[in-house]
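Ligands are counted one by one from 1 in listed order, and the atoms in each one are counted from 1 as well.
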Amino acid sequence: MATETVTASTQVYSPFKLTVSGEDWLDQLESQGYAVVKGAIPPERAQYYQQKAIEWLQSFDPALNPNDPSTWNAANLPIQTERNTYEHYSVVHEKFMWEARQEPGVLDAFTKIWGTDKLLVSFDSLNVTLPNLKPARAPWPHIDQAPRKRGLHCIQGIINLSHAGPEDGSLVVIPGSSKLVEEFFDTKTDPSTWQWKDNVYFDDKDMDFFTSRGLKPMKVLAEPGDLIVWDSRTIHWGGEPTQKSNTTRTVIYAAYAPAALASKESQAEKSRVFSVYGATTHWPHDNIKLRDLQASLPDGTPDPRHRPEPLEKPLVNEKVLQLAGVKPY
Ligand SMILES: *[C@@H]1O[C@H](CO)[C@@H](O)[C@H](O)[C@H]1NC(C)=O
Ligand SMILES: *[C@@H]1O[C@H](CO)[C@@H](O)[C@H](O)[C@H]1NC(C)=O
Ligand SMILES: CC(=O)N[C@H]1CO[C@H](CO)[C@@H](O)[C@@H]1O
């Protein structure tokens, strides 16, 4: 609506604040907008999930050997999004994806963040990036929260399953930016351009605002089984590996939020998406939109390798139904 006037009443303020508790990572999440929860998953579990992710890729191309770059035939891999993630072929609901989402250390971290264990989880994607398959792309700084949503609405998560050293692909964040984006929108942008869409990109000129405040990008280094968490208002992007990296970056995106924050409509839509093994956005409780179920080949035709259900169906226990929003707490 072009004539809509944006006022404070067309912004949604979150009642939530992080409880600063003396836990270092939680304090850092509050002050810097991101944190690493060390050893959220035991290393052998992380290794199991990475193995399952590779096996899933091998189900499309049995010749793929993660230790032999000459077998990495990009043309045989399933269709990825523009940002290297897998979200088609029901992968989001593979058994191993649901097992990872139920890891006690991951649930525990988000329970501490929100102060409740009655959580919903996002139906988000898998990133398996083989090194040096494509030329590096430029940074794509963005946040995943609409300018009209004020305060803490969403905490995103990455379950790290692969080594993330200085040369490897990893999440890049602008520490401290979560505290400045609202001022940026209020002073540098026109409210009539604000959307409800939970995704805002920043160009070089926008980034000058943050640089002039002394903020700088930082690649988040992570150890086996670490969980990386960040505020959706923290500027971030998926960092590229350098030419020296030989790591197959493997991460699962998983965000959790209190079930009580979801509207009836969001909950119903989430339940429907679950029933068709669909993927949604990074958000667990709001902004629930079914992404395309069917992958398209580069020429635009439907991928005949389409899978209407996971290769290995998840074990649907009560916890899964609750996290999926199918069964109320
Ligand atoms: C990756 O590089 C390290 C250090 O150069 C080397 O020790 C390791 O064997 C390599 N791994 C693979 C899978 O090539
Ligand atoms: C997936 O990982 C690769 C390698 O680090 C990175 O280039 C890409 O941006 C990541 N995708 C997302 C959505 O972060
Ligand atoms: C930094 C680091 O060592 N990361 C680990 C991430 O997870 C994989 C799979 O378990 C490990 O092999 C890596 O060592």
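A donor-acceptor pair is defined here as one N or O able to donate and one able to accept, closer than 3.5 Å; such a pair exists between the side chain of S232 and the backbone of C154. Side chain of S266 to main chain of I288: no donor-acceptor pair is present (N/O by atom type, distance under 3.5 Å, no hydrogens or angles). Of the possible polar contacts, one joining the Q267 side chain to the G325 backbone as a donor-acceptor pair under 3.5 Å is found. Side chain of R249 to backbone of V128: no donor-acceptor contact under 3.5 angstrom is found. The backbone N or O of Y253 sits nowhere less than 3.5 Å from a side-chain atom of Q156 that would complete a donor-acceptor pair.
Nearest to atom 12 (C) of ligand 2 among the protein's heavy atoms is Y253 OH, 3.1 Å. Counting only heavy atoms of the protein, atom 2 (O) of ligand 2 lies nearest to N127 ND2, 2.5 Å.
For an aromatic pair to be called close, the ring centres must be under 6.0 Å apart, and W114 with Y256 fails this. Ring centroid separation for the pair F202 and F210 comes in under the 6.0 Å cut-off. Aromatic ring centres of W56 and F96: separated by at least 6.0 Å.
The shortest N/O to N/O separation between G239 and ligand 2 falls below 3.5 Å. The shortest N/O to N/O separation between R83 and ligand 2 falls below 3.5 Å. Taking any N or O of P241, backbone or side chain, none lies under 3.5 Å from an N or O belonging to ligand 2. Where the criterion is an N or O separation shorter than 3.5 Å, residue side chain and backbone included, N84 fails it with respect to ligand 2.
Atoms of ligand 2 found under 4.0 Å from any heavy atom of T85, numbered from 1 in the order shown, are 13 (C). For ligand 2 and S170, the ligand atoms under 4.0 Å from any heavy atom of the residue are 5 (O). Which parts of ligand 2 touch G169 is read off a 4.0 Å heavy-atom cut-off, strictly below it: atoms 5 (O). Of all atoms in ligand 2, listed by their number and element, those nearer than 4.0 Å to a heavy atom of E240 are 7 (O). Under a 4.0 Å criterion applied to the non-hydrogen atoms of W140, ligand 2 contributes the atoms 9 (O), 12 (C), 13 (C), 14 (O). Every atom of ligand 2 with a heavy atom of R137 under 4.0 Å away is listed here by number and element: 7 (O), 8 (C), 9 (O).
Classification of the H236-H142 ring pair by plane angle, with boundaries at 30° and 60°, yields tilted.
Contact annotation: S125 has no heavy atom less than 4.0 Å from any atom of ligand 2.
Closest heavy-atom approach to atom 3 (C) of ligand 2 among the candidates V251, T129, I158, D124: T129.
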